[in-house]
Number of protein chains: 2
Amino acid sequence: MREVFQQELHEVQTGLVEIARLVADAMEKATTAFNESNVALAEEVIADDHLIDARAVALDELAITILARQQPVARDLRIVVSALRISASLERMGDMATHIAQLARYRYPDKVVPKSLRPTMAEMGRLDVEMARKLAELLDTQDVELADQIRNEDDLVDDLHLSVFDKVLGQSWKGEASDTVDATLASRYLERFADHAVAIAKKVQYLATGDWVPEPAN
Amino acid sequence: MREVFQQELHEVQTGLVEIARLVADAMEKATTAFNESNVALAEEVIADDHLIDARAVALDELAITILARQQPVARDLRIVVSALRISASLERMGDMATHIAQLARYRYPDKVVPKSLRPTMAEMGRLDVEMARKLAELLDTQDVELADQIRNEDDLVDDLHLSVFDKVLGQSWKGEASDTVDATLASRYLERFADHAVAIAKKVQYLATGDWVPEPAN
């Protein structure tokens, strides 16, 4: 029984790693679409989001089956419950990538934000993709050093998010209302993506170190 | 054993109802603070959010204890797993109320949005509060008729959300960039609050009718 449980748990883990990789790919394409006004790439991200959703649903069903069949307790139980929460966060990260792609598609053939903000947005997007890649590796290897790196990168994203508002609300901002709306939404989506990455990284860290601290799910 | 399980399940249900009521109260205060530039009320919402978080964490711990002790299967298991997801959504709804309160506090003593948008925002806030109250009742009574009402109200919120963008992006918009940012964020928070209410309502409806359709957690 224990061996079956370990094998099923491994299946869950593999599933989470795969979803994290899909999410990283989605955000990489979405930010490229956003930065370069590539509408075909944007369409691809939007069209493929259901694949991430379907994997998250399948993983949840697997986790529920494990709960029913193996009836895990203590740490094993927390691992399975955490898997459910991690899949929910990954699914939301996919949604954020889709929202970024939607902004790119909506403004096409125009670029989404004025020139002055593009380097900031590009850097936020780059950090998001890097965080998602590290998350996949963290889920795969449980190397908690990666969790610290993800947290540090989130701090950078938060700083950039604030700097977007400084720019938009500053004297030199010449953007139209549509630029302001787009910058506000894009920055919010990129920041939320990073938040979810940190929430997941914390869960993996707690599980890996046994240092479990209950906290709000998101 | 079965009796104990039913009693524990009842505790979970009562906990969810209580959190939903706190969330409705928080959004009611937050939207009042937002509409009337009431900074004391805004502070109250922000200061009290940790109470919602703490209740959500306690409820999750109870659910995990039930999983460990009662080892439920089939529909019983789905109810407990759903409770975990519902508490996560309620906790996020509390965060959205806090974000609305933060906008009110940030702009104080100014009002958050220009006059032309206030009726729309007030109506979105009113609908959000009503949805949260119905959600508490739905969780309490399992009267699935309420789930349909919540869905219909969400459609209204979505329409109003789009109308905010129409206004902000229209010719007659005279707002500053800060007005545009605030309107964008406030409308997004109010819309997300309603989305979470619908996600929860659907879960309760599936559980009540046995018509379980797996779907992404959020």
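The figures here come from the full heavy-atom set of this structure, side chains too, leaving out hydrogens, waters and symmetry mates. Reminder, nothing fancy here: chain letters follow the sequence lines and each chain counts from 1.
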Discussion item. Applying side chain to side chain contact (heavy atoms under 4.5 Å, CB included) to A/V73 and B/R69, what does each step give before you reach the verdict?
Written reply: CA-CA 8 Å; A/V73 295; B/R69 277 208 221 128; over 6 Å; no
Discussion item. Under the criterion side chain to side chain contact (heavy atoms under 4.5 Å, CB included), I'd like the reasoning laid out for B/Y189 against A/R188: C-alpha separation, chi angles, the key distance, then a yes or no.
Written reply: CA-CA 11 Å; B/Y189 299 146; A/R188 170 82 183 157; 3.6 Å; yes
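B/Y108 OH: 12 or fewer foreign heavy atoms inside a 6.0 Å radius.
A side-chain contact (heavy atoms from CB on, under 4.5 Å) with B/V181 holds for exactly one of A/V168, A/V164, A/V181; it is A/V168.
Looking at B/L67, the atoms closer than 4.5 Å to chain A (heavy atoms on both sides) sit in the backbone and in the side chain alike.
Put simply, OG1 on A/T180 and CH2 on B/W173 are 10.5 Å apart, with the number rounded to the nearest 0.5 Å. Expressed to the nearest 0.5 Å, how far CD of A/Q71 lies from CD of B/Q70 amounts to 10.5 Å. Distance check, rounded to the nearest 0.5 Å: CD1 of B/I64 to CZ of A/R78 gives 4.5 Å.
Taking 4.5 Å as the limit, every side-chain heavy atom of A/E176 sits out of range of all side-chain heavy atoms of B/L169.
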